[in-house]
Enquirer: 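Below you will find the structure I want to go over with you.
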Amino acid sequence: MARVPDYPSPNAEKWLAVDTYFASLLAPHDAALDDVLAANQEAGLPTHDVSPAQGKMLALFVAMTKARHILEIGTLGGYSTIWLARALPASGRIVTIEASAVHADVARANFDRAGVADRVELRVGKALDVLPSLEVDAASPFDLIFIDADKPNNPAYLDWALRLSRPGTVIIGDNVVRGGAVTDPDSTDPNVRGVRAFLERIAADPRLDATAIQTVGEKGWDGFALAIVKDVDEGEKG
Ligand code: SAH
Ligand code: DHB
Ligand code: MG
């Protein structure tokens, strides 16, 4: 899938070739996943889906944590949702939140295509409007939370993630590199400011243990933050 890198690099072609090689071996597409990306393109959706190798990584996180209840903020066409949903046991569920009704319609058709519609609960609306309704659900807390929507709201999404979590819950935040601008404390870019506030809040929260990993590949220079909610005793120790 052609993408527009936010950080032009002379190595971008090599990054793509290596990503394509890794994905061909370890994260190959079936026909449904090909059809999903084709449907997204047909509908004119932005190519902001995770890469195949990243989708596989999300699936491995589900397996490693034995997650049964997943929350995703930012569905787009549901490509990441499908990787996450396929890694769930049959009784598992993923709630995914999407603000755009257009994106949500594409995603809904994609869930049918990929055979995961029975495991996916798509909530259409701005995440900050939808999240409060999840708090009162008996189905909370979530075992794994993937934050991948509008970056300026990342600090608020982190607060909600903590509210909807338990000790052991894994929280992943996508796209934290911002073409390297994440290191700029004076940036006026609301995405950069959102990502920096998100990372700083993670770092300062005694309930969380975390890292951030920068990546190269078909999405250019990118990266994600990975956090786990500590056991209560550990959190109290700080
Ligand atoms: N997780 C997807 C990519 C998500 S792209 C994947 O990897 O396949 C980010 C999505 O967040 C877009 O579809 C955008 O419409 C949605 N979004 C933006 N602001 C939002 C908000 N306030 N609440 C919910 N979704 C939002
Ligand atoms: C952007 C958003 C994403 O979720 C992503 O994976 C890549 C890029 C963006 O807003 O530029
Ligand atoms: Mg993303």
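Keep in mind that what you see is a predicted model, and the values were worked out from it rather than measured. Residues take their numbers from the sequence shown, with the count starting at 1. Atoms within each ligand, like the ligands themselves, are counted from 1 in listed order. The analysis underlying the following values was restricted to heavy atoms, covering all of them including side chains, and did not include hydrogens, waters or symmetry mates.
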Enquirer: Tell me whether Ser80 has at least one N, O or S atom under 2.8 Å from the Mg ion (ligand 3).
Expert: no
Enquirer: Taking side chain as C-beta onward, heavy atoms only, is Arg196 less than 4.5 Å from Pro185?
Expert: yes
Enquirer: By number and element, which atoms of ligand 2 are closer than 4.0 Å to a non-hydrogen atom of Asp174?
Expert: 6 (O)
Enquirer: If you look at Asp148, which of its N/O/S atoms is nearest to the Mg ion (ligand 3)?
Expert: OD1
Enquirer: Taking N, O or S atoms only and a limit of 2.8 Å, check whether Asp222 reaches the Mg ion (ligand 3).
Expert: no
Enquirer: Under 3.5 Å between some N or O of ligand 2 and some N or O of Lys219?
Expert: yes
Enquirer: What donor-acceptor contacts under 3.5 angstrom involve side-chain atoms of residues 8-15, with partners at least two apart or in another chain?
Expert:
| unit_1 | atom_1 | unit_2 | atom_2 | d |
| --- | --- | --- | --- | --- |
| Ser9 | OG | Asn11 | N | 2.9 |

Enquirer: Go through the structure and list residues passing salt bridge (Lys or Arg N to Asp or Glu O under 4.0 Å) with Arg166, not counting sequence neighbours.
Expert: Asp143
Enquirer: Atoms of ligand 2 less than 4.0 Å from Lys151 heavy atoms?
Expert: 4 (O)
Enquirer: By salt bridge (Lys or Arg N to Asp or Glu O under 4.0 Å), which residues pair with Asp174, not counting sequence neighbours?
Expert: none
Enquirer: Looking at ligand 2, does any of its N/O atoms fall within less than 3.5 Å of an N/O of Asp49?
Expert: no
Enquirer: Looking only at heavy atoms, which two atoms of Asp19 and Gly217 are closest? And how far apart?
Expert: OD2-CA, 3.3 Å
Enquirer: What does the contact table look like for ligand 1 (nitrogen or oxygen on each side, cut-off under 3.5 Å)?
Expert:
| unit_1 | atom_1 | unit_2 | atom_2 | d |
| --- | --- | --- | --- | --- |
| ligand 1 | 1 (N) | Gly74 | O | 2.8 |
| ligand 1 | 1 (N) | Ser80 | OG | 2.8 |
| ligand 1 | 1 (N) | Asp148 | OD2 | 2.8 |
| ligand 1 | 7 (O) | Val50 | N | 2.9 |
| ligand 1 | 7 (O) | Ser80 | OG | 3.2 |
| ligand 1 | 7 (O) | Asp148 | OD2 | 3.4 |
| ligand 1 | 8 (O) | Ser80 | N | 3.2 |
| ligand 1 | 8 (O) | Ser80 | OG | 3.3 |
| ligand 1 | 13 (O) | Leu76 | N | 3.4 |
| ligand 1 | 13 (O) | Glu98 | OE1 | 2.7 |
| ligand 1 | 13 (O) | Glu98 | OE2 | 3.2 |
| ligand 1 | 13 (O) | His103 | ND1 | 2.8 |
| ligand 1 | 15 (O) | Glu98 | OE2 | 2.6 |
| ligand 1 | 15 (O) | His103 | ND1 | 3.2 |
| ligand 1 | 19 (N) | Asp150 | OD1 | 3.4 |
| ligand 1 | 22 (N) | Asp150 | OD1 | 3.3 |
| ligand 1 | 22 (N) | Asp150 | OD2 | 3.4 |
| ligand 1 | 22 (N) | Tyr157 | OH | 3.3 |
| ligand 1 | 23 (N) | Ala127 | N | 2.8 |
| ligand 1 | 25 (N) | Ala99 | N | 3.2 |

